[in-house]
Each structure stands twice: as C-alpha cells, then as structure tokens.
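Read through the structure below, which is laid out as structure tokens, and then see the notes.
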Protein chains: 2
Amino acid sequence: MPETRWLDDEEQGTWRAYIWTNHLLWEALERQLQKDSGIPHAYYIMLVCLSESPDRTMTMTQLASVTQFSASRLSHAMARLEEKGWVRRIKHEEDRRTTMAKLTDEGFSALESAAPGHVGEVRRRVFDPLSREQIRQFHDILSTILSGLESAEESEEDAGPA
Amino acid sequence: MPETRWLDDEEQGTWRAYIWTNHLLWEALERQLQKDSGIPHAYYIMLVCLSESPDRTMTMTQLASVTQFSASRLSHAMARLEEKGWVRRIKHEEDRRTTMAKLTDEGFSALESAAPGHVGEVRRRVFDPLSREQIRQFHDILSTILSGLESAEESEEDAGPA
DNA sequence: CCGACGCGGTTGAGATTTCAACCGACTTCG
DNA sequence: CGAAGTCGGTTGAAATCTCAACCGCGTCGG
C-alpha cells in the first residue's frame, strides 16, 4: 500500500467547508420541514417520489431504489406514513409478493402544503447566494463526483464471494 | 407572501445532484469507516476534533459547538466512547459544572489507524475526479452558501420570544 | 409434481438521535 | 445571606435507522 496521500491545504479547506455546509444546510432544511409540516425530510422524499410517479404508485422495491433507502428502512417508514393516512399499501394481484405503495389524496395535500416552504428554504439557502455561473459549476462538480460514486456502486455488487 | 418561486431546470438538476451526491458519498464514507474501523463517522469527527485540540482535551460545550452536535447527542456518544476507552471525562477543578473530554492514547491510536483509510476514501471519491480549478470553484461555492447559513444561525438566536 | 433457491417484503432487536425534563454548580441582586 | 436565574451537562423515553433473521410467493431443475 502506498503511503497515505493526505489532503493539502486547499483540499482540506474545501472538505471542511463541505462537511460544515452539509451539516448546517441539512439541519436548516430538516428543521424547516419539521416545524412547518411535521415531516422528516426522509418521508418528504418518499412522498415526492410517489407524487411524481404515474398513478402516484410504486412498488416498494422501486421506491427503495429511487430513494436509495434500505428495504427495511422503507418498510418501517411506510408503516408510519400509512398510520398518518398519507399512503396506502396494496397487494399486487399478479405477483403476490410485491406490494404497491400509493400516495393518498391526504398525502398529496400534505405534500402540497409542505413543498413551498421547503423549496423556498432551498432557494434562499443555496441558489439565491450563487451566481448563474456558480450554479453551472456546482452542477458540473457534483455530476463529476456522482459518476464516480455510481460506478463504484456497481462494481461493489460483483465483489461478494471470491 | 409572494407566490412560490419554484426551481428552474438548472437549479432542479443541481439540487438533485446535490442530494444524490450527498447520499451516496455519505453512505460510502460511513461504510468504509465502519468496515475498516468500526467507528461511525460522528464518532470519528469527535475524535478528530479532540486530537487537534491542545492537550487533546476540550470541554463538552466546546466540542458540541465545534462539531455542531446537540449537548444530549454528545453526552450519549461520549458515554459510548468512554466505554470503548477512547476518551475520559474529567471534572474541571475550578468550575465544577464543566466536564473535560480527553482523548486517551487508545483513542488516538484508533484514530491513527482509521484516518488513512478515511482520507483515502475522501480523496478517491471527491478530489481525484476534480480538476484544481474545480476544487477552487467548489470551495468558493461552499463558502458562499456557508456564510449565508451561518448568518442565518445567529439571527435565529434572537428570534425566540416576541 | 416436488424440492431448492431467489425475490419482495416484513419483523424484532439493538444502536443512535432527539426531545424534554432535570440536576448541581455559579452568579446576581435584593 | 439567600432566592432566582443561568450555565454546563446528564438522563430517560420516544422516534428512527440498521442489521440479521424470517415468511410467503415464484421459478427452475429434475
């Protein structure tokens, strides 16, 4: 193994800024959503995904893959959302293993009332302070990092037993 | 209240890339740290902060402020770290309310053995794919967002009772 | 058709985080 | 002094997330 290549000052500073930004931004968003609508961000994401899906319906596995949640986490969370009446679980008729999650009207309303505040917060915190040019750069940077992460993900699936 | 200004396509795309990057990056780092050293990232941060502090010691409140953890979270986490023998809590002699957290030698070793893998992962995932120019841009962007978040934080403290 | 295996999803237990209430130690002011 | 308020920190319970085991349905080889 080669000796550790530590981060230089510029990288170090950037990394800490990233950690810190994430931390504060996340907290701000979580708090805003929680106060305004009593929804944790994770649940909000699930509702958004469902709302954008045809018939506001997805199988659990689809939803898990889109949100990148574990099956278990999704299942627990879905139980909560169902209690709130925002989602209904429906057994698939053909393949009786699969469960469909359907966003109810109540769920859609909850989302509608939560969305403006959330979007407003994102805009205020992230995009308003940046120039158009910076937004473009930001997008490029994120896409670059992302593509590396995604290809790493795939190759991990093969990496199971030797 | 003005009508909601939704995100345009460019912003939307950037935002989703951000969410997604965060998600995957976080997962990758957490997993790497966990597998290689059995330390959750939150604990790692605490150890790093202590290790950089004079005498490897900080008061709980200082540590909470640097890491941005709640006092409660910190207290619970510290209890775990103490069980592992990585940190010791010491009562302050003058102000007997305050507790000092001190990184033990074991804790420092644990950190030393965890750090290279973690840094390597960060480098591979984030900095290697980016050009110098992009790193600079990234830093600027994050700093810009950050300064907005920090000033927002201050003003919230006043905002309590009317 | 039968048994083994894989897939979709759930469950329960354990770990972490949050929330609110609390405790003891300073400080301040009458 | 002494009561009230504040500061540093802890605690217990409830919510959430993770991990591993599990259940029922489907599919495939014999």
Side-chain angles (χ1 to χ4, degrees), chain A residues 22-23 26-35 37-46 57-84 87-102 157 160-161, chain B residues 22-23 26-35 37-47 57-84 86-102 157 160-161:
Chain A
N22 245 312
H23 203 68
W26 203 256
E27 204 176 56
L29 292 178
E30 190 78 51
R31 198 164 38 209
Q32 183 277 322
L33 257 183
Q34 192 73 267
K35 301 257 167 178
S37 354
I39 315 178
H41 190 262
Y43 294 3
Y44 179 82
I45 295 287
M46 292 170 55
T57 300
M58 269 194 242
T59 70
M60 295 300 263
T61 309
Q62 285 170 342
L63 189 51
S65 134
V66 173
T67 58
Q68 278 290 296
F69 290 171
S70 71
S72 171
R73 179 180 182 183
L74 191 62
S75 190
H76 285 299
M78 190 60 72
R80 275 224 120 314
L81 288 180
E82 213 172 7
E83 275 176 26
K84 292 208 175 209
V87 160
R88 250 197 325 274
R89 274 191 272 208
I90 303 165
K91 271 290 170 195
H92 194 290
E93 272 313 308
E94 296 170 22
D95 187 337
R96 306 185 48 73
R97 289 172 301 183
T98 81
T99 306
M100 315 289 287
K102 184 173 169 64
E157 285 159 18
Chain B
N22 246 306
H23 202 66
W26 203 256
E27 205 176 55
L29 293 178
E30 191 77 50
R31 198 164 39 208
Q32 181 278 323
L33 214 46
Q34 192 71 266
K35 301 257 167 177
S37 354
I39 314 178
H41 190 262
Y43 294 3
Y44 179 83
I45 295 286
M46 291 170 56
L47 297 182
T57 301
M58 268 193 243
T59 71
M60 296 300 264
T61 310
Q62 284 170 342
L63 189 51
S65 134
V66 173
T67 58
Q68 277 292 295
F69 290 171
S70 71
S72 171
R73 179 182 182 182
L74 191 62
S75 190
H76 285 299
M78 190 60 70
R80 292 226 133 296
L81 288 180
E82 213 171 8
E83 277 176 24
K84 292 208 174 206
W86 288 347
V87 160
R88 252 199 323 274
R89 275 190 273 208
I90 302 165
K91 270 292 171 195
H92 194 290
E93 272 312 309
E94 296 170 21
D95 187 338
R96 306 184 49 73
R97 288 171 302 182
T98 81
T99 305
M100 316 288 288
K102 183 173 171 61
E157 285 159 19

Name the residue closer to the 5' end of DNA chain D, choosing between B:T59 and A:R80 according to the nucleotide with the nearest heavy atom.
B:T59
Given D:dT10, C:dT10, C:dT16, identify the nucleotide with an atom nearest to the side chain of B:P40.
C:dT16
Report the residues that fulfil ring-ring contact (aromatic ring centres under 6.0 Å, His included) with B:Y44, sequence neighbours left out, ordered by chain and then residue number.
B:H118
Could you list the residues that satisfy salt bridge (Lys or Arg N to Asp or Glu O under 4.0 Å) with B:E93, not counting sequence neighbours?
B:R96
Taking CD from B:E30 and P from C:dT16, how many angstroms apart are they, rounded to a whole number?
10 Å
So do A:S65 and A:M58 actually touch side chain to side chain, heavy atoms under 4.5 Å?
no
Rounded to the Å, how far apart are A:L74 CG and D:dC17 P?
11 Å
Contacts of A:E30 that satisfy salt bridge (Lys or Arg N to Asp or Glu O under 4.0 Å) - sequence neighbours left out:
none
Quick one: A:K91 NZ to C:dT10 C1', roughly how many Å, whole number?
9 Å
Atom CD1 of B:I45 to atom C1' of C:dT17: distance rounded to whole Å?
16 Å
Would you kindly give the CE-to-P distance between B:M78 and D:dT11, to the nearest whole Å?
13 Å
Take a 6.0 Å sphere around NZ of B:K35 and say whether it holds more than 12 heavy atoms from other residues, nucleotides or ligands.
no
Can you tell me how far C1' of D:dC17 sits from CH2 of B:W26, to the nearest Å?
15 Å
Is any side-chain nitrogen or oxygen of A:T98 closer than 4.0 Å to OP1 or OP2 of C:dG8?
no
Within the structure shown, what part of the strands sits under 4.0 Å from B:S75 by heavy-atom distance: base, sugar-phosphate, or nothing?
base
Separation of atom CD1 in B:I39 from atom C1' in C:dA15, rounded to whole Å:
16 Å
Could you tell me which residues satisfy ring-ring contact (aromatic ring centres under 6.0 Å, His included) with B:H23, sequence neighbours excluded, listed by chain and number?
none
Contacts of A:K84 that satisfy salt bridge (Lys or Arg N to Asp or Glu O under 4.0 Å) - sequence neighbours left out
none
I need the CD-C1' distance between B:E83 and C:dT16, as an integer number of Å.
13 Å
Base contacts versus sugar-phosphate-only contacts with protein, heavy atoms under 4.0 Å: please encode nucleotides 19-29 of chain C as B, S and - from 5' to 3'.
BB---BBS---
